[in-house]
2 protein chains.
Amino acid sequence: MNRKTPVKRVRAKQRRLSADDRRSEFVAKATELFAEEGFGGGTRALARKLGVTQPLLYRYFPSKDDLIKEVYRKVYLEPLEIGWEKLLSDRSRPLRARLQEFYEIYTDAIFNRKWLRIYLYSGLKGIDINRWYVGMVKDKILTRILRECRHDAGLATQSRPSAVELELAWVFHGGIFYYGVRKYIYEAPVLEDKAQMISDALDIFLAGFESMAESATDRRRAPVKVVG
Amino acid sequence: MNRKTPVKRVRAKQRRLSADDRRSEFVAKATELFAEEGFGGGTRALARKLGVTQPLLYRYFPSKDDLIKEVYRKVYLEPLEIGWEKLLSDRSRPLRARLQEFYEIYTDAIFNRKWLRIYLYSGLKGIDINRWYVGMVKDKILTRILRECRHDAGLATQSRPSAVELELAWVFHGGIFYYGVRKYIYEAPVLEDKAQMISDALDIFLAGFESMAESATDRRRAPVKVVG
DNA sequence: ATCTCTGGTGATCGATCGATAAACTACCCC
DNA sequence: GGGGTAGTTTATCGATCGATCACCAGAGAT
């Protein structure tokens, strides 16, 4: 056929971006790619998403691992911009309303396919930032919630929650988290009204905490097991 | 130095296994490998774990994908051997005891690093068997639990649970599931006594269900939202 | 208009991937 | 004990991976 015919290489017109723009575009598209394919996703596929060639990546990142670290940083730190402490600890408002609002905002931030998948993939890799995040949830969210619950129930505000209390809060938190996993990872049908799911989960958590607190004050000891 | 010296190839004495044994050994070690590395784990690394060479795999499986499917089958179907239906529906025993025992047995089966990691990896791949499993949990476990709860509360046993009830059960179930994820995936410290975690989670779930049932009969309608 | 940065490309390397074909060898049977 | 079969290895292919290098070309400065 027309082999060896000198076809004028119609090179897609080079689109030049500033270094900062290109760099953040790399991170943004890498987040999408890794969310779908996992961190095994290829650098060539990433370049294709940007409409550039693969070696360009290495003008901005020394290695793929460095790019991945940037993705972590962006994904883990982005939804943390909101002031949680004030929201949870603002005792001028009823506790329940605070918790409801907090979880609505929190889940608005993390309940999306991209965030949840990156979170799960990085969790399976067992990296430091994931362990840091779990510790942060414990210290900044669950411990705070438990302190407010104790205060609300008229109990002494101890500096650190008991292991049993903490586990109660984790099961509650995990139950809400799993809603996001079911919806965005498993793509299973869920109760559409997210706010109501949170409301119902709060109902049973608060009722459970109160009954635990009551039996603790009644019997003057921590309830280890309610039914044998 | 001694290059070109004809070193007598000291080949590790061939250990021959029956076809069935070798095949199941492949599946077993592949489960371990994929649990740690994800399904991107290499066939050469797998062969190394068996102490054989890589091409041998293809005497037993037409492709790596077929091996992966076998791993799925083994992992997903293995813990299902137990008779759940009888356990949950045996009305000669108190409901709470049935639920406690069921979740202790169920979590004994799935709370281990191998199972949870394979489950999460396959969930991220969005494969059919994962969606099947989630549907199975809904139909065979949660729906059954809710039916027993309704019966226990003296309510009409309807064929299918309401969306709100189901979500309540999912949040409860997910909270327990997340305990396993925290312990075996994140390797975070958890309340060591698993049975007590289940007991506490059951307390608040059952209390929540009862209060929902009460308000439903009192007000003659399903409680959509308790606090606005 | 030309110079000069610097963003961007083309070509390619070595390693590793899944998979195939042919040769080898341990073990069972007669 | 000499086949013969079936389990195993050696050698290798083509594709793809992350990464490197020399070179090209667009845009602002002069």
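- Using a 4.0 Å heavy-atom distance criterion, B:L57 is classed as making no nucleic acid contact.
- In this structure, B:W170 and B:H173 have perpendicular ring planes: the angle between them is above 60°, well past the 30° mark.
- Across all strands, A:Y60 comes closer than 4.0 Å only to sugar-phosphate atoms, never to a base (heavy-atom distances).
- Listed in residue order, the members of residues 30-37 of chain B having a heavy atom less than 4.0 Å from DNA chain C come to none.
- Judged by the 6.0 Å and 45° rule, A:K183 forms no cation-pi pair with A:F111.
- If you check every strand for non-hydrogen atoms under 4.0 Å, A:S18 touches nothing.
- Using a 30° and 60° split on the angle between ring planes, B:Y119 and B:Y76 fall in the tilted class, from 30° to 60°.
- Each of A:G51 and B:K64 has a nearest nucleotide on DNA chain C; the 5'-most of these lies closest to A:G51.
- For C:dG18, its base sits under 3.5 Å from the side chain of B:R44 at one donor and acceptor pair at least.
- As a whole-Å value, the separation of A:L56 CG from C:dA11 P is 17 Å.
- B:R96 and B:S199 form a side-chain donor-acceptor contact under 3.5 Å, judged by distance and modelled atom types alone.
- Put simply, the side chain of A:L88 reaches to within 4.5 Å of the side chain of A:I145, judged on heavy atoms.
- Mapping B:R16 and B:R59 onto DNA chain C by nearest heavy atom places B:R59 closer to the 5' end of the strand.
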